[in-house]
Number of protein chains: 2
Amino acid sequence: MSKEKPPESAALRLSLYLRHLRTMQGDGKISSAELARMVGTSGARVRKDLSYFGQFGTRGRGYVVGDLRGQIIDILGLNQEWKIALVGVGKLGTALLRYPGFRRNGFHITVAFDVNPELVEREVAGIEIRHPYQMPKTIRALGIHMGMITVPAESAQESADLLVLSGIRAILNFSPARLVVPAPVRLKNVDFTSQLEIIPYHIAETVALTGSMLPR
Amino acid sequence: MSKEKPPESAALRLSLYLRHLRTMQGDGKISSAELARMVGTSGARVRKDLSYFGQFGTRGRGYVVGDLRGQIIDILGLNQEWKIALVGVGKLGTALLRYPGFRRNGFHITVAFDVNPELVEREVAGIEIRHPYQMPKTIRALGIHMGMITVPAESAQESADLLVLSGIRAILNFSPARLVVPAPVRLKNVDFTSQLEIIPYHIAETVALTGSMLPR
DNA sequence: GAGTGTGAATGTATTCACAGCA
DNA sequence: TGCTGTGAATACATTCACACTC
């Protein structure tokens, strides 16, 4: 394993490698060049990415698919079960409650919270919705690890505070708000909307072409 | 305007600045430092990002909110109307058809396609669904600029080919498949799932801590 | 004085190219 | 011989610091 620390972007590429490894026979072999071709990168990039975390291949032979797959799953932390509380059962919240991909990766949304009385005590995708005043009690009782914030920006900080108060140490923020949390709490912002907003820019690619190009 | 070309990441930050500028009075003034504080970065970064595209401020005074907002909208290409055809009315496709944020940014999903006979000729969010065999005719008739692919990986390439055949020059690929399109066609891949998959990695942050940390 | 605009300095990520092992 | 693993070279992005303008 190299002494270099992985670049910020390495995890994203590992997850891409993993996606392709999952479509293959576990006892097969694969070279960095083959894997690279599948995800659209270079063999050197694949080897470098893997080398940050260990030595998983055999020189002259390549990698054993099943082994490599297992290693990447470990590196990404996908071998663990995460119990999650979702806060905010609006459009995005509902979509995430229904998204089957979470469960596959060990993300287990156990309970949801919303202030809307029409939602409280109802279920979405088999997950019970409670009022936020029950949060501290519920989160402790269920042994939940992580909170997902899918409320509007205005109430995002309030939701974060409540999660922290409930003993949560990891927060995923899907709202556009910039949150402040005490140091030991891990915070990750996930921003889908910005990604969608910059699409025309990337489609036009060069600034000079913007406006003159596609929409005629 | 500086001679340097903008880094790949500049557009994403511009969209963040824009989001905050939109919440403010257009005739107000704002300094790079203030804007920076709102999005959680430095004044220098804000100024540098803007300088790639022009000179929008006044020394000693700052930026006029409305002017800057307009400039960023132009840079990101959000001042144009884009007519879009969506291919694949599954979970993600439906969510995108219903997502109100597109319309706000000039993204106008005009028609959708799906092979499922139960969907053909029905509507989702007021948008008519047609069978793909009608694609070339429909796309030309409606004067559509861009295609959005939200089908499963297996049929993504097929959908892309059909879009290209229909005269489309810009494709947004939401499927995990790596697509091949002829040179003049602009292709952008949008990958939500990978972003979700690497969450545990980022939450644990350092490799050493993975597995030992949060889920106790 | 206040705050922009931007080269120059630093830091980070990617690519190259080859030594080393099966 | 074939393909990994990795330091060294290059390219890219961010931060610094200050000249310049209102």
Side-chain angles (χ1 to χ4, degrees), chain A residues 1-17 21 24 28-69 71-72 75 198 201-202 205-207, chain B residues 1-17 21 24 28-69 71-72 75 198 201-202 205-207:
Chain A
M1 163 138 85
S2 100
K3 263 24 179 309
E4 293 175 63
K5 80 164 202 298
E8 199 53 43
S9 49
L12 206 61
R13 288 190 302 265
L14 287 185
S15 96
L16 247 45
Y17 306 153
L21 290 169
M24 304 174 63
K29 290 221 183 65
I30 189 168
S31 71
S32 59
E34 287 176 86
L35 191 49
R37 191 168 30 71
M38 291 199 258
V39 310
T41 183
S42 73
R45 176 108 294 285
V46 171
R47 295 198 300 279
K48 190 73 170 179
D49 281 338
L50 296 173
S51 83
Y52 297 124
F53 303 98
Q55 307 190 165
F56 309 125
T58 315
R59 290 168 198 234
R61 297 287 161 73
Y63 304 86
V64 174
V65 171
D67 293 359
L68 187 54
R69 193 163 56 199
Q71 296 286 358
I72 296 180
I75 293 165
I198 62 175
Y201 175 83
H202 278 124
E205 201 164 80
T206 63
V207 183
Chain B
M1 164 138 81
S2 99
K3 264 27 178 311
E4 293 174 66
K5 81 161 202 296
E8 200 54 43
S9 49
L12 206 60
R13 287 190 303 265
L14 287 185
S15 94
L16 249 45
Y17 306 153
L21 291 169
M24 302 173 64
K29 292 221 182 65
I30 190 169
S31 71
S32 59
E34 288 175 84
L35 190 49
R37 192 169 28 72
M38 291 199 259
V39 311
T41 182
S42 73
R45 174 115 290 299
V46 171
R47 294 198 301 279
K48 189 74 169 178
D49 281 338
L50 295 173
S51 84
Y52 297 123
F53 303 98
Q55 306 190 166
F56 309 125
T58 315
R59 293 171 197 230
R61 296 287 160 74
Y63 305 86
V64 175
V65 171
D67 294 358
L68 186 54
R69 193 163 55 198
Q71 296 286 359
I72 295 180
I75 294 165
I198 62 175
Y201 175 83
H202 279 123
E205 201 166 79
T206 62
V207 183

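We name chains A, B, ... by the order of the sequence lines, and we start the count at 1 in each one. Values below: all heavy atoms of this structure, side chains included; hydrogens, waters and symmetry mates excluded. All figures in this text were calculated on a predicted structure; none of them were measured in a lab.
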Test: side-chain hydrogen bond (donor to acceptor under 3.5 Å, both in side chains). Region: residues 28-41 of chain A. Which pairs qualify, not counting sequence neighbours? A/S31-A/E34, A/S32-A/R47

Considering only side-chain heavy atoms of A/K48, which listed nucleotide, D/dC16, C/dT15, D/dT4, is closest? C/dT15

Quick test: give all pairs of protein nitrogen or oxygen and nucleotides 19-22 of chain D nitrogen or oxygen below 3.5 Å, distance rounded to 0.1 Å.
{"unit_1": "D/dC20", "atom_1": "O2", "unit_2": "B/R59", "atom_2": "NH1", "d": "3.1"}
{"unit_1": "D/dC22", "atom_1": "O4'", "unit_2": "B/R59", "atom_2": "O", "d": "3.4"}

Please report the C-alpha distance between B/I30 and B/Y17 in whole Å, then the side-chain angles of each, then the deciding distance to 0.1 Å, and finally whether the side chain to side chain contact (heavy atoms under 4.5 Å, CB included) criterion is met. CA-CA 11 Å; B/I30 190 169; B/Y17 306 153; over 6 Å; no

Looking at DNA chain D, which of residues 29-39 of chain A put a heavy atom within less than 4.0 Å of it? A/S31, A/S32

Scan nucleotides 11-13 of chain D against the protein and return all N/O pairs shorter than 3.5 Å with their distances rounded to 0.1 Å.
{"unit_1": "D/dA13", "atom_1": "OP1", "unit_2": "B/E8", "atom_2": "N", "d": "3.2"}

Checking B/R45 now: which residues fulfil side chain to side chain donor-acceptor pair (under 3.5 Å) with it, not counting sequence neighbours? B/D49

Determine which pairs satisfy salt bridge (Lys or Arg N to Asp or Glu O under 4.0 Å) with at least one residue from residues 50-67 of chain A, sequence neighbours left out, and list them in order. none

Which whole-number value in Å describes the distance from A/Y63 OH to D/dG2 P? 18 Å

For atom CG of A/D67 and atom C1' of D/dT4, their distance in whole Å: 15 Å

Whole-Å distance, A/E4 CD to C/dC16 C1', equals 13 Å

Check whether any side-chain N or O of B/R69 sits under 3.5 Å from a backbone N or O of B/M24 as a donor-acceptor pair, and report yes or no. yes

Please report how far the helix from C/dG1-D/dC22 to C/dA22-D/dT1 bends, comparing the axis fitted to its first five pairs with the axis fitted to its last five, to the nearest 10 degrees. 10°

A/Q55 vs D/dT6: side-chain N/O to OP1/OP2 distance below 4.0 Å: yes

